[in-house]
Amino acid sequence: MRTGKDDTKTRLLLALIVVIVHGAAASVRAQEDSGLKAVRQLWQTPTPDYRMKTWWFFGYEQTTDEGITADAESLRNAGFGGVVYYDQNHAKDAAANGAEDAFSESWWHHLQFAAQEARRCGLSFEVNISNGYCAGGRWIDPRHAMQRVAASEAVVTVVEGGGVQIDGSLDISGPDGYVCDIATLAMPLFDDGKKRYVTARYVAQGKGRNGAMQRPTDRTASADKFSGYGFVTLPDVGVLQASNDSIAWRDIVPLDPMYNSLGGYRIRTTAFEPTEGRYWRVRYTEGSRPLSWWYVGCEPKMDRWEERAALQSDFAEAELTPESYNRQGVIVPSQVRPIADGDFSTLPAGRWRVVRLAAVLTGAKSKHGRPNLLGYECDKLSAEAANLHWDSYVQPILDRVKGITGVTMDSHEGGSQNWTPRMLDEFRLRRGYDFTPWLPVLAGYVVESVERTRQVLYDYRQTISDCIRDNYFAVFQRRATANGITLTAQAIGNALCLPGDAISVKQVVDKPQGEFWTYQRDGAYDVKDCSSAAHLYGKPIASAEAMTDCEYKDSPADLMRVCNIAFAMGAQEFVVCATPHIPFASATKPYIAGREYAINRSNPRWEQMKPVWLQAARSMVMLRQGKAAPDVLVFLGDDVPVKTITSRLPAGLDGLDWDVCTADALRNRLTTSEGRLQTPDGINYRALVIAEKAHMTAETRQMIDRLRSKGVIVTAYPSPDRQNRGVLSRQQGK
């Protein structure tokens, strides 16, 4: 039986519990009220961290102290919170305009003065990673520049008892004479009189698919038809024909158009079924550009192997490599003989196909910077080259200029590369086997089988993508961290002219960045790629190069429209491209620095734009509170290059918020909880949606099957027979 003393203790305990509970609740309410009050205050008066930034362009003409002061004060008064010093100009002759050389004493003075004035005006001050863009300069020697594999071939006849006859040339040339041999290989000659491929040099036209920015559009009206800002579907160049008598001609294979791409490689191989023919010709489509040259060959070669070997960056499509190649003329690795120093005497008697592989420069150079520092783009696959660039340009600036808070990187637009001096080591490290026996695939040959060659080239592209992430962007991030500053990077960049993963590579930088242009009134999915990466990889801010190429005709309402769409796609920071330095204190007419960058103090609408900057800052305040809450996750595939392609997005996403991912996130970032996908940071997805034509390896299929077995909803799961299925006509856009 409970005593009175016990009852008293119980009442006191209950009272204490009530006090504690009420106190805790009051504390929570106080904290909530305090948090709401802080957010309300931020929204009312955003701090500089939440305000707009701008790329501050210098180098078009002279730089002046009074102009710097006027620029900084006008940006502060307009409501901006930061600037990025960026030597980028579009002058035909900057020196004639009075522009100073980079690293000259006057240049150092103006850089330091710009940093000083930014601080005085309460603006954060960052610097671009390069003079011009993207990351290169005069300090990059050929060994540390972007490289690709070049090949030359000859037929060598070795006579029994001695004697060698060479038909053809093994000479290789490259930009600025740089040639570094990789290997010379001899293979038994195969020629059964049938032709199997046509290789041609094309005249590129139109806008390339990899560079066409993707926009939201009606998927039901444009299903499976590639679209993008500025992209126009072109007709076939023509059709390859064969004849036995030069009178009756038969069509063999259509020749797709070649679109312009930044730094694009213009040579393409198209495979077809083994065909006999004494005469060959191309019947051109009316109005098309004739091929610069072309030839047909008999050896089994992979269809569009130039893309698959990363000489050119384009999105994987169905290929025409005939399965008959698995039966006839295919190279057997054990039959490939290395040739040292051009000594063919070690070959047995017979006829041999000799292939010389060598590294040459891609020729890519930095551009739009101050002329005295322009030079080769650094090797994007080499940590040594990335460190050389940082030590030659970025570190001297950080050591000499105080108050720098970050480094930024623009998009890569220097074309593709498929070689680096340590490529064989990188491949072995990352893929677990030796690439040396497979070197002939870099000249297009089918080795062992079509399927095996396809897999090896897939592994090769994945190695390139890994190196871009680990040896380029991650190296710059480590250097930034060591200096106590942030790195904002458009890794890799919308143009995607390097064969990489535009989603997962962003995981290694502090602030991933996308971009949208003022003319893009419907928005651009490059922002969606960036915000998805931020959500998947735990990045607190998804940045955006904003309102690029704003012109003086664009109204504040125009700017607000594209800003709001970018916010809806997940952007949380805007960095304007761009505000040019105006060298005089007073601007009496709109200033043009080679091209219109109209977000500057000379704009007649400058005062009218202030509400846009304030509303953008307030939106950034709200979008950085809490966590993102997307509905579903769209899987884009595990091949590279990869980014969001509008025509491949499944129907039914309207009304949903969604992110995109690639295989890396499925493998390394996502777990399951109660039938949902979840990131380590607590972002949940209710379903996984497979994009159209999403390439999947067997490993990826198994991962997705495991997710389904754990209750995750997976939709639009493609059947195996949809992978790598060839069709006769493959015209871009069909």
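From a predicted model like this one, the values you see are computed outputs, not experimental measurements.
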Measure the spacing between [atom1] of [X] and [atom2] of [Y] and express it to the nearest 0.5 Å.
| X | Y | atom1 | atom2 | result |
| --- | --- | --- | --- | --- |
| R618 | L623 | CZ | CG | 14.5 Å |
| C550 | L559 | SG | CG | 4.5 Å |
| R479 | L398 | CZ | CG | 9.0 Å |
| I503 | S532 | CD1 | OG | 6.0 Å |
| M569 | K528 | CE | NZ | 7.0 Å |
| R561 | S555 | CZ | OG | 11.0 Å |

Decide, yes or no, whether a salt bridge links [X] with [Y] under the criterion of side-chain N to carboxylate O below 4.0 Å.
| X | Y | value |
| --- | --- | --- |
| K643 | D526 | no |
| K553 | D558 | no |
| D510 | K539 | no |
| D71 | R76 | no |
| K627 | D681 | no |

Close side-chain approach of [X] and [Y], heavy atoms under 4.5 Å:
| X | Y | value |
| --- | --- | --- |
| V407 | I485 | yes |
| I468 | F473 | yes |
| F574 | C563 | yes |
| V660 | Y525 | no |
| L649 | W658 | yes |
| R138 | I140 | no |
| Q417 | L498 | yes |
| T64 | F584 | no |

Atom pairs and distances, side-chain donor-acceptor, residues 40-48, under 3.5 Å, sequence neighbours left out:
none

Examine Y591 together with Y597 and report whether their ring centres are nearer than 6.0 Å.
no
is_close_aromatic(Y50, W613), centroid dist under 6.0 Å:
no
When you measure from the side chain of [X] to the backbone N and O of [Y], does any donor-acceptor pair fall under 3.5 Å?
| X | Y | answer |
| --- | --- | --- |
| E377 | A135 | yes |
| D522 | P216 | no |
| E573 | I541 | no |
| D87 | F57 | no |
| Q112 | R400 | yes |
| K402 | Q116 | no |
| K506 | K511 | no |
| N128 | G132 | yes |
| R601 | E73 | no |
| S392 | H389 | no |

For the CZ atom on R289, are there more than 12 heavy atoms of other groups (residues, nucleotides or ligands in this structure) within a distance under 6.0 Å?
no
State, to 0.1 Å, how close [X] and [Y] come at their nearest heavy-atom pair, and which atoms those are.
| X | Y | answer |
| --- | --- | --- |
| V562 | M547 | CG2-CG, 4.0 Å |
| R215 | Y229 | CB-CE1, 3.2 Å |
| C530 | S543 | SG-O, 3.4 Å |
| A587 | S602 | CB-CB, 3.5 Å |
| H581 | G67 | CE1-C, 3.4 Å |

Are R51 and F80 in a cation-pi setup, meaning NZ or CZ lies under 6.0 angstrom from the ring centre and within 45 degrees of the ring axis?
no
With E413, which residues qualify under side chain to side chain donor-acceptor pair (under 3.5 Å), at least two apart?
Y133, S411
Taking atom types as modelled, find out whether [X] and [Y] have a side-chain donor-acceptor pair closer than 3.5 angstrom.
| X | Y | value |
| --- | --- | --- |
| E100 | W107 | no |
| T408 | Y86 | no |
| D501 | S504 | yes |
| K380 | Y472 | yes |
| Q312 | S416 | no |
| D529 | Q214 | no |

Over 60° means perpendicular and under 30° means parallel, so classify the ring planes of [Y] and [X], tilted if in between.
| X | Y | value |
| --- | --- | --- |
| Y519 | W517 | perpendicular |
| F231 | F226 | perpendicular |
| Y393 | W139 | parallel |

Checking E126 against K53 for the salt bridge (Lys or Arg N to Asp or Glu O under 4.0 Å) test, could you report, in this order, the C-alpha distance in whole Å, the side-chain angles of both residues, the deciding distance, and whether it holds?
CA-CA 10 Å; E126 302 177 45; K53 297 181 182 179; 2.6 Å; yes
Can you check salt bridge (Lys or Arg N to Asp or Glu O under 4.0 Å) on R624 and D49, steps first, answer last?
CA-CA 11 Å; R624 293 188 207 173; D49 288 346; over 6 Å; no
Dump the intermediate steps for salt bridge (Lys or Arg N to Asp or Glu O under 4.0 Å) on R209 and D314, then the final yes or no.
CA-CA 7 Å; R209 300 192 311 163; D314 203 354; 3.1 Å; yes
Please step through side-chain hydrogen bond (donor to acceptor under 3.5 Å, both in side chains) for the pair Q513 and E545, ending with a clear verdict.
CA-CA 7 Å; Q513 189 174 74; E545 172 192 328; over 6 Å; no
Apply side chain to side chain contact (heavy atoms under 4.5 Å, CB included) to the pair E515 and Q520, showing each step before the final yes or no.
CA-CA 11 Å; E515 63 178 293; Q520 295 166 347; over 6 Å; no
Stepwise side chain to side chain contact (heavy atoms under 4.5 Å, CB included) check, T548 with F516:
CA-CA 6 Å; T548 302; F516 66 95; over 6 Å; no
Test F58 against Q88 for side chain to side chain contact (heavy atoms under 4.5 Å, CB included), laying out the working first.
CA-CA 6 Å; F58 288 81; Q88 183 176 151; over 6 Å; no
Checking side chain to side chain contact (heavy atoms under 4.5 Å, CB included) for the pair V576/W55: CA distance, chi angles, key distance, verdict?
CA-CA 6 Å; V576 167; W55 285 348; over 6 Å; no
